[in-house]
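Step one of this worksheet: look at the structure below.
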There are 2 protein chains.
Amino acid sequence: MSDRPAKDKLFDAFASVAKVLGSGRRAEIVDVLAQGERPVDEIAEEIGQSIANTSQHLQQLLRAGLVRTRREGTRIHYRLSGTAVTRLWVAVREVAAEHVAELDELAEAYLGDRAALDSLTRAELTNRMAAGDVVVLDVRPEREFRSGHIPGAVSVPIGELAGRIKDLPHGRIIVAYCRGQYCVFADDAVRTLREQGMPAARLEEGYPEWAEAGLPVEDGAPRKSGAPG
Amino acid sequence: MSDRPAKDKLFDAFASVAKVLGSGRRAEIVDVLAQGERPVDEIAEEIGQSIANTSQHLQQLLRAGLVRTRREGTRIHYRLSGTAVTRLWVAVREVAAEHVAELDELAEAYLGDRAALDSLTRAELTNRMAAGDVVVLDVRPEREFRSGHIPGAVSVPIGELAGRIKDLPHGRIIVAYCRGQYCVFADDAVRTLREQGMPAARLEEGYPEWAEAGLPVEDGAPRKSGAPG
DNA sequence: GTGATATTCAAGTATTCACTTGAATACAAC
DNA sequence: GTTGTATTCAAGTGAATACTTGAATATCAC
């Protein structure tokens, strides 16, 4: 009754999208690119693989249509090909969080114990931003901040945080955010700030989810450090 | 700085979810189970594979946490483990539709030319249902209808449609729906009805998307054929 | 043009995967 | 208990995959 070979091919095409996300290294690449575009060598460093291997993973993502490229001189910048890809990546993590038995252990092994860390949802953060009683801290690498961030956020990459704590405004709660729920930067930031006696919490999710939810974003260079608006 | 082995394992765990969807046959299984639970032999028949092979695919889906089982006598029924899995499957198809170059051709090869077929969005259908000027026709196999359908829909499996056209009410547009955007049943139904001079259109998407969107659903046996409410 | 750098390609290897076939298990009917 | 049926398991094969190494390509600076 139904056209079996044609149906198989159609579903193989759907599966090709999932298949390309079915490698931990390519998943890391998508996670990185969800923060904004990056050249090959930086991606390789980010995922801890050789450049040749990273390039081949990127070719696969390209063939599957999940990423696009842009040439700039000798460098080739990769980026996700659209917001549907971000949604797909979020959906994968959701299913994993709900249904993969060992995920909690693995996440704890990587992230450490989060029990002591406060976290805010996006809605809570927008409320508090409206009330004006928070400082929003973007602790991702500065180039990710430049390609897009929460409006009014201060960029202090996690590596520089310890040395710049004194520049941060006092008297308001500091809410740190980073790449997402499974990113260590914001956790590290909250721990560092707490050790210095500053009230701090993390945004539960990260920048890609914020942008994907249609909340306002801003891009460009960070202001000179000091108290923001 | 970051714990590479732990990070790799965490992302491997995310990837394991995508990987298991990265086979056309397993994708078909998920598509079938999105309509409701099914025993192994029916799934095997639905995807056109041997029972042994289907069983192994199901084991993989089970290990990855995407499906659950229920024993009933000697038969084992598989079902999706939650709505997050449906969302993931929808996300995969969206990315494929947007970014996989050959998908249009493959879909047309399987579905045939759709240019002449009217289709309604979910919102359009709910409006027309409220206005009372449509007959909603569920052309999936009856057991899928029983495990959940659009309220007020009439169940006429596609294979029986030709013989039951005379039982359908006249004077109202007939809107057929089935498993989803890439399912042929509703297309076939619209063509069959049109040939008989009845005004017909299809719902753009299928039952799983309807249910996932939080729209009302109903379950149970179909009424005896004849005009519904 | 030459040299330097970023990226891709190609070949090789160990591993994993999909499917087949045939046997083993688990429950139901008797 | 035996028989029948639904499902799973195990072994085998050919294809695909991830990563490595080393060479090829493309652009820029000069």
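Convention: sequence-line order gives letters A, B, ...; per-chain numbering from 1.
- Between the CZ atom of A:Arg71 and the C1' atom of C:dT8 there is a distance of 10 Å, given to the nearest Å.
- One atom, CD of A:Glu28, and another, P of D:dA18, lie 14 Å apart when rounded to the nearest Å.
- One atom, CG of A:Leu61, and another, P of C:dT8, lie 12 Å apart when rounded to the nearest Å.
- For the pair A:His77 NE2 and C:dA6 P, the computed distance is 11 Å after rounding to whole Å.
- Proximity note for A:His57 (side chain, C-beta onward) versus D:dA18, C:dA18, D:dT27: the nearest is D:dA18.
- Between the CD atom of B:Gln60 and the P atom of D:dC9 there is a distance of 12 Å, given to the nearest Å.
- Within 6.0 Å of CD in A:Gln59 there are more than 12 heavy atoms belonging to other residues, nucleotides or ligands.
- Spacing between atom CG of A:Asp8 and atom C1' of C:dA18 amounts to 13 Å, rounded to whole angstrom units.
- Residue whose closest nucleotide on DNA chain D sits further toward the 5' end, between A:Thr74 and B:Ala52: B:Ala52.
- In the set C:dT8, D:dA18, D:dT7, C:dT8 carries the atom at the smallest distance from any side-chain atom of A:Ile76.
- Atoms CZ (A:Arg75) and C1' (C:dA4) sit 14 Å apart, rounded to a whole Å.
- Aromatic ring pairs are classed by plane angle as parallel below 30°, tilted from 30° to 60° and perpendicular above 60°; the pair A:Phe14 and A:Phe11 is perpendicular.
- With hydrogens and angles ignored, no donor-acceptor pair under 3.5 angstrom links the side chain of A:Gln56 to the base of D:dT17.
- The CD1-P distance, from A:Ile51 to D:dA18, rounds to 19 Å in whole Å.
- The environment of CD in B:Glu160 is crowded: more than 12 heavy-atom neighbours from other residues, nucleotides or ligands sit within 6.0 Å.
- In terms of the salt bridge (charged side-chain N to carboxylate O under 4.0 Å, His left out) criterion, residue partners of A:Glu209 (sequence neighbours excluded) are, by chain and number, A:Arg93.
- If you check every strand for non-hydrogen atoms under 4.0 Å, B:Asp41 touches sugar and phosphate atoms only.
- For A:Ser50, a side-chain nitrogen or oxygen approaches OP1 or OP2 of D:dT20 to under 4.0 Å.
- With C:dC27, C:dT8, D:dA16 as the choices, the nucleotide that has an atom nearest any side-chain atom of A:Gln59 turns out to be C:dT8.
- A salt bridge does not link A:Glu46 with A:Arg25: every distance from a Lys NZ or Arg NE/NH1/NH2 to an Asp or Glu carboxylate oxygen is 4.0 Å or more.
- Nearest to the side chain of B:Tyr78, among D:dT8, D:dT7, D:dA18, sits D:dT8.
- Out of C:dC19, C:dC27, D:dT8, the shortest distance to the side chain of B:Gln49 is found at C:dC19.
- With distances taken from any side-chain atom of B:Lys19 to the nucleotides C:dT7, C:dT16, D:dA16, the minimum falls on C:dT16.
- Listed nucleotides C:dT8, C:dC19, D:dC28 differ in distance to B:Arg25; the shortest reach to its side chain belongs to C:dC19.
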